[in-house]
Amino acid sequence: MSEYCASSEELEYLNRALRTLSGSNRALLRAEDEGFLLQEICRVIVEEAGYRLAWIGRAERDAEQSVTPVAHAGLEQAYVDSLHMTWADRERGRGPTGTAIRTGRPTISRDILTDPKVTPWRESAIVHGIASVLSLPLRVEGEIFGGIGICASEPDAFGEREVELLSEAAEDLAFGIEALRIKARRRQAELQIAALNRALSTRVAVNHAVIHATDEVPLLKEICRVLVDDCGYRLAWVNYHQKDDEQPSRPMAYHGFDEGFLSAGTTWCASAEGMAFIRDLENRLATGNPVVMRDLANISDMPLRSEALERGYSAALVLPLLIEDELIGMLLIMAGSPDAFDEQEVSLLQATANDLSFGISTLRTRARAVEAEATVRRMAYTDLLTGLPNRVRLRELLEDAIANARQERRSFAVLHLEIARNQEINETLGYREGDRLQLEIATRLTQAVGPDRPVARMGECEFAVLMPNGGAEQASQLAKQILVALYEPVELSGLYLEARASIGISLFPGHGTDPEALIRRSGSAMEQAKRSNAGFALFQGGLDQECAQHLTLMGDLRRAIDRNELLLYYQPKIQISSNKVCGTEALVRWRHPQHGMLPPDEFVKLAENTGLITPLTLWVLDTALGQRYAWHEEGDERPISVNLSAHDLRDPRLLERIRGSFATWGAKPHWIEFELTESALMEDPVAALDTLCELKKLESHLTIDDFGTGYSSLAYLQKLPVDSLKIDQSFVTDMTSNDGSAKIVRSIIELAHNLDLTVVAEGVEDQLTLTQLGQFGCDIAQGYRISQPIPADQFKAWEKQSAWH
């Protein structure tokens, strides 16, 4: 068989098709969007391959089944527009392009002059030098997208091999279109995901800011900063609604403005047009629905549109801020993309605005509560007549003075005054004049003692002065100064009456180590001064029987610590979610040889007041470590909690002693958890924070005990390197019968979890309380419902028989 030899003309046609295929592949590699690719393919077919015309039509799904030209090369746009093709089975749809689209197969018109199917376009084709046409279907994502028409200047073009090559180029083009669409959809999905991530990040950041906020305006400023700097929006602005026709809104915070836009916006808002726009906007927001403005370039009546577009603000979202369904303001967010703020993003940002509204409401409620608390505290701790501290406040001042004096190892004095003839004045001149006498005495006292020595009104005719530093000699000198200050007569109803006073003095620590003892003994000294007419007297009664008993008990306690005669019991804690024992708290017990088993509060308080608390704490820690070592040997890795007192926190050697105990037993950090009462932390918050940070360096687990009773602030709480909160039993015990206690418990649990803290509830006495704690999300429970404190040698047997194993 002889080999077929192609003519030079056929070779030229094949080369033309090959150039088309090669150029098309290059275009596919370079293409970034569909429009560019279609136009580039047409250009390649004409300019590089040498065909007369190339055009691509899109098959429409309209009633006419029309074909819309989307790209062309070789001839002018007017010619392509004049083709008016369809892919329907009628005259203008039976040409090559309509047939190729309808059948999905290549269609050729080899000679324009003789092919009856191209009659509608023959004359125009001849005028434009077209002699033959090849139309190839473009199948994209499983369906016909349209067709590509290739026109040649010579008849009988498009031989079998040429058609194969051009069909391959068409298939490559269809694949390229499909790939670009997939890529575009992926890019759009990525943009949507980025927008959602941005909105989610905004919500997380806003919630974090709300949780840690202490004041409203800084919160709003932080929210605006977060939206722009952290979450990528271009501008954020918070306006508050005002019931003022002259100024319906008030700017509260903003971020992302430049001075020019801020100035323009401020001027416009103050104009009649601006105020009317804001009122209308607020009316729309009052329904609770956001206002979305996408693609600002196409919103002709958008205020400050040109200024916004100049600065790259392309879309806007206005969110209502509502408290109890009342509009308090709006949050404006602007983005750089005109397609920003789709439905999902708006939904997330609306939820974010709701969170911000809740935070604002919480701060306002908290501010009102603080104000009310301050008022109540002022009423509870202040004498209404004189404005001086009352007896209750004096006790607090004395407690602080005692703590400071112990820490600094110094003495101080309490001076107790009684004004003579007060009742006689009331009965003779009336209570109004009696009150005038009290006010005059208060004024003279405060001037005489100076600002560093608090004066309190104890009762109808009694005052007290706290001298924070000094002993008997200094207190006696101060008493003399007071008597001199009160020597001048007081004018009442035209009469000049002497304000004779008797002063009693008690000293810390010689006459007492607690507020009640010091007040009682200064009162006794005052009675001595009245009997002796000496003006003032120092307490001379010596230590009373109570003090003697305490001294004896103190000596016994010291010996019990030194001789290891104390007992350590362990109260189990359970993980509520699993009902399994997860740890214990070490609780010290003392069986006195004469007095029997003493209440822990009694001798622990004695230890705190006499400086024995740190030796007692170290004994508990060492004993607990010994027991923990024994349980470790048995494979039990659950921690033991040990309490630290306020005195322990002030001990400069605390960390050194703890390290020593850990080293003695080869203890791991998770063996022991330290519990510190909230009130202990608040005695000296700064020093307590430093100590806790040092403890945390030991990788110890730290718990705030008795939480809810120490008046710590959230700002202080978030600084503490603690791991868990233990709710005070006074709230837990009453939570099933007292809605207030239940709300406090739930709030503490939610607060702790928002700060990533574990929550322990102590004082769990019954199953109902335990069940409700579980419903509130509490993590750990401790109390008599689980077990009372147990000796170590009985613990394993108890656990085996209990419901918590």
According to ring-ring contact (aromatic ring centres under 6.0 Å, His included), who are the partners of [X], at least two apart in sequence or on a separate chain?
| X | value |
| --- | --- |
| W590 | H592, F603 |
| F412 | F508 |
| F731 | none |

All side chain to side chain contact (heavy atoms under 4.5 Å, CB included) counterparts of T677, not counting sequence neighbours: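 Side chain to side chain contact (heavy atoms under 4.5 Å, CB included) list for T677, sorted by chain: S679, A680, D705, D706.
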Results of side chain to side chain contact (heavy atoms under 4.5 Å, CB included) for L618 - residues two or more places apart only: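 L618 satisfies side chain to side chain contact (heavy atoms under 4.5 Å, CB included) with T614, R657 once adjacent residues are dropped.
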Residues in salt bridge (charged side-chain N to carboxylate O under 4.0 Å, His left out) with [X], at least two apart?
| X | result |
| --- | --- |
| R653 | E656 |
| D723 | K696 |
| E673 | none |
| E694 | K697 |

Exercise: do E585 and Q782 side chains pair donor with acceptor under 3.5 Å: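 Side chains of E585 and Q782: pair found under 3.5 Å.
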Polar side chain donor-acceptor pair, Q481 to Q477, under 3.5 angstrom: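 There is no such pair between these side chains.
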Partner residues of T769 under the side-chain hydrogen bond (donor to acceptor under 3.5 Å, both in side chains) criterion, sequence neighbours left out: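 Result, side-chain hydrogen bond (donor to acceptor under 3.5 Å, both in side chains) vs T769: D766.
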Test item: L417 and L486 side chains (from C-beta on) under 4.5 Å apart, heavy atoms: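 Yes, at least one pair of side-chain atoms sits under 4.5 Å.
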Within residues 383-397 or reaching into it, pairs that qualify as salt bridge (Lys or Arg N to Asp or Glu O under 4.0 Å) - sequence neighbours excluded: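 Applying salt bridge (Lys or Arg N to Asp or Glu O under 4.0 Å) to every pair that reaches into residues 383-397, excluding sequence neighbours, yields R377-E396, D383-R457, R393-E396, R395-E516.
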Pair E216 + R364, salt bridge at N-O below 4.0 Å: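 Counted as a salt bridge, because a side-chain N and a carboxylate O are separated by less than 4.0 Å.
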Under 3.5 Å, side-chain donor or acceptor atoms of residues 744-758 against the rest of the protein: list the pairs with distances, not counting sequence neighbours.
residue : atom : partner : partner atom : Å
S747    : OG   : K743    : O            : 2.8
H753    : NE2  : D779    : OD2          : 3.0
N754    : ND2  : E750    : O            : 3.2

Minimal non-hydrogen separation, V455 against P389, with atom names: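 Closest heavy-atom pair between V455 and P389: O-CD, 3.0 Å.
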